[in-house]
Amino acid sequence: MLTKKTVNEVWNGLNFNVDGSISNPAEYNCAINTITFKSGSSINKNAILEELFHAYQNTIYPEGTCQYHLGTPGYTNIEFEAKVFKDIYSKLYGGMTSGNVNFPPLLFDEYETWITNNAYEGITQAFREQYNTMLGYFNEYNSFYGGYLLPGFGSPNAMIQSKVDCN
């Protein structure tokens with residue numbers, strides 16, 4: 001899932017930093033094209049995958065992703081797509097899922113099944129059809145990332161684009 005295309009699109013010019021003053025273990029700053037980690041111990045596969053995908057999203061969406069910062073419509077959409085990307089990779093290569101944090105148990109299991117199926121089947125029509133349902137659950141149950149949904153921005157375009165013409 002982490003395609004060569006995804007890495008190649010963002011690697012040149014991408015900066016890395018460690019800064020103990022940030023509140024999250026890792027974050028991507030689209031304004032300065034930098035992934036910052038809270039500490040050396042925060043540098044791990046899950047953090048790198050998600051933040052690298054955020055850098056990739058910034059190259060795919062018109063006018064970048066700075067317009068979708070915390071508190072603005074679209075923030076939930078961008079965060080969910082990055083977590084789905086990372087979660088599919090985690091199902092294939094090991095790691096924990098995070099797109100279903102705070103989901104009720106039945107919906108948590110539904111998300112896990114959806115991610116597992118799509119990890120092995122790829123981005124299918126069924127995946128696309130259920131994407132908005134899962135995005136709605138994420139918006140409703142994730143108290144940190146939810147609440148900033150942008151209607152009409154429910155397609156995982158960066159994920160789809162990452163698979164086009166990839167090696």
Are side-chain N/O atoms of [X] and [Y] paired as donor and acceptor at under 3.5 Å?
{"X": "Gln67", "Y": "Thr72", "answer": "no"}
{"X": "Tyr61", "Y": "Glu81", "answer": "yes"}
{"X": "Lys86", "Y": "Ser98", "answer": "yes"}
{"X": "Ser39", "Y": "Ser41", "answer": "yes"}

Check whether any side-chain heavy atom of [X] sits under 4.5 Å from a side-chain heavy atom of [Y], and report yes or no.
{"X": "Leu52", "Y": "Tyr56", "value": "no"}
{"X": "Phe37", "Y": "Pro25", "value": "no"}
{"X": "Tyr75", "Y": "Thr65", "value": "no"}
{"X": "Thr34", "Y": "Leu14", "value": "no"}
{"X": "Lys91", "Y": "Asn118", "value": "no"}
{"X": "Pro156", "Y": "Phe127", "value": "yes"}

For Ile32, I'd like to know if atom CD1 has over 12 heavy atoms of other residues, nucleotides or ligands within 6.0 Å.
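Count over threshold, so yes.
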Measure from the side-chain N and O atoms of [X] to the backbone N and O of [Y], and report whether any donor-acceptor pair falls under 3.5 Å.
{"X": "Asn44", "Y": "Asn46", "value": "yes"}
{"X": "Asn139", "Y": "Gly146", "value": "no"}
{"X": "Ser90", "Y": "Gly95", "value": "no"}
{"X": "Asn29", "Y": "Ile35", "value": "no"}

Ring centroid separation for Tyr111 and Phe138, is it under 6.0 angstrom?
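Judged by ring-centre distance (under 6.0 Å), Tyr111 and Phe138 do not meet the cut-off.
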Answer yes if the ring centres of Phe85 and Tyr89 are under 6.0 angstrom apart, and no otherwise.
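No; Tyr89 has its ring centre 6.0 Å or more from that of Phe85.
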Does a salt bridge link Lys38 with Glu27, judged by any charged N lying under 4.0 Å from a carboxylate O?
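Looking at Glu27 together with Lys38, the answer is no, because their closest N to O distance does not fall below 4.0 Å.
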Kindly compute the distance separating CE (Met134) from CD (Glu129), expressed to the nearest 0.5 Å.
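Answer rounded to 0.5 Å: 12.5 Å.
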Which distance, rounded to the nearest 0.5 Å, do you find between the CG of Leu70 and the CZ of Phe144?
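Spacing of CG (Leu70) from CZ (Phe144) equals 5.5 Å.
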Of the options Tyr131, Tyr145, Phe53, which is the one that meets Phe80 in a ring pair (Phe, Tyr, Trp, His ring centres under 6.0 Å)?
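Exactly one candidate clears the test, Tyr131.
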List the steps and the verdict of side-chain contact (heavy atoms from CB on, under 4.5 Å) for Tyr28 and Glu50.
CA-CA 9 Å; Tyr28 173 69; Glu50 186 170 338; over 6 Å; no
